[in-house]
Amino acid sequence: MNRRSLSNVNKASPVDFRLLLYGSVIGVLYGLSKLGDSADEATAQGIAMSIVVTMAIWLGLKMCRVVLLLVEKRLDSLEVRLDALLESRLGQSNDQAQDHRSARPASTVWLTIAGFCIVTTPVGIVAFTGGVIMAVIDLQVDVYTVSQYVPVLVFGASYSLICAGVQWVYLLRIDRIIYQLEQPLNSHDLINGFTLNTRKLGRAFSKMDTLVYKITGQRVAA
């Protein structure tokens, strides 16, 4: 019954109930932390923070979906080229390559960094969106100060650019190596290694999407 009621609430609102709950809780806590100033000001800041948190997560994840969709489509195109390499040069399918025990993922450090950036991309974009919303609210009702939202804006923008940059640099690097492999055939294990790389990045997308969905009810990866 409770699950059915929650489902009905979610259908009636474009924003998932969990996001409204997060915003309300954080807004109340933030308002309580400002009670030393005045009750009216604390109430205003608590309500404003509730709106910021709810809308920042909702809009931020929508933006994140667009950014990650571009990266994911590029990753899919690399997997298609790897499939063609395996079938034409080695007589293997991509699934068979996963069973090749001697193959090791290439560039493990870069792969770990790129995977981490994929999983944490929503953090930067949501923070940036929150900073923008805080700035807009401050322009209208003068609730926040510049020192409150500028650091959030800077962190969100910087982290988002770093995450996106690392992902694209890594994908371009793989693209260059695949191009070399598409020329005269190189090592069997090398091809298998980069096949494993693309699969691991794909799993990073799934892990991030599952985690965000469990927390917020919003899908991010396509």
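Values below: all heavy atoms of this structure, side chains included; hydrogens, waters and symmetry mates excluded.
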Kindly indicate whether the side chain of Asp175, heavy atoms from C-beta on, has any atom under 4.5 Å from the side chain of Leu171.
no
Ser50 side chain to Gly46 main-chain N or O, any donor-acceptor pair under 3.5 Å?
no
Glu72 side chain to Leu68 backbone, donor-acceptor under 3.5 Å:
no
Sequence-distant partners of Tyr30, ring-ring contact (aromatic ring centres under 6.0 Å, His included), two or more places apart
none
Would you say that Val71 contacts Trp168 through its side chain, given a criterion of any heavy-atom pair below 4.5 Å between the two side chains?
yes
Give the other cluster members for Leu21, using side-chain heavy-atom distances under 4.5 Å between Ile, Leu, Val, Met, Phe, Trp and Tyr residues; answer none if it is isolated.
Val25, Leu29
Do Leu111 and Tyr170 come close enough that some side-chain heavy atom pair is under 4.5 Å?
yes
If you apply the rule side-chain contact (heavy atoms from CB on, under 4.5 Å), what do you find for Thr145 with Asp138, and how did you get there?
CA-CA 7 Å; Thr145 63; Asp138 185 56; over 6 Å; no
Apply side-chain contact (heavy atoms from CB on, under 4.5 Å) to the pair Thr216 and Asp16, showing each step before the final yes or no.
CA-CA 7 Å; Thr216 68; Asp16 190 271; over 6 Å; no
Side-chain H-bond candidate by donor/acceptor type, Thr120 with Tyr159, under 3.5 Å:
yes
State, to 0.1 Å, how close Pro151 and Val146 come at their nearest heavy-atom pair, and which atoms those are.
CD-O, 3.9 Å
Quick one: does Leu59's side chain get under 4.5 Å of Ile133's, heavy atoms only?
yes
Taking Ser160 for the side chain and Ile125 for the main chain, is one N or O donor matched with an acceptor at less than 3.5 Å?
yes
Which residues pass the ring-ring contact (aromatic ring centres under 6.0 Å, His included) test with Phe116, sequence neighbours left out?
none
Are the side chain of Thr54 and the backbone of Leu19 linked by a donor-acceptor contact shorter than 3.5 Å?
yes
Pairwise distance OG(Ser206) to CD1(Ile118) - rounded to 0.5 angstrom:
10.0 Å
Is there side-chain contact between Thr121 and Gln167, with heavy atoms separated by less than 4.5 Å?
yes
Gln148 side chain near Gln45 side chain, heavy-atom distance below 4.5 Å
yes
Please answer whether the main-chain N or O of Leu172 pairs with a side-chain N or O of Arg74 as donor and acceptor at a distance below 3.5 Å.
no
Test item: Met63 and Thr129 side chains (from C-beta on) under 4.5 Å apart, heavy atoms
yes
Please find the pair of heavy atoms, one from Tyr149 and one from Gly131, that lie closest to each other, and give the distance.
CB-O, 4.0 Å
Does any N or O in the side chain of Tyr144 come within less than 3.5 Å of the main-chain N or O of Met49, such that one atom is a donor and the other an acceptor?
yes
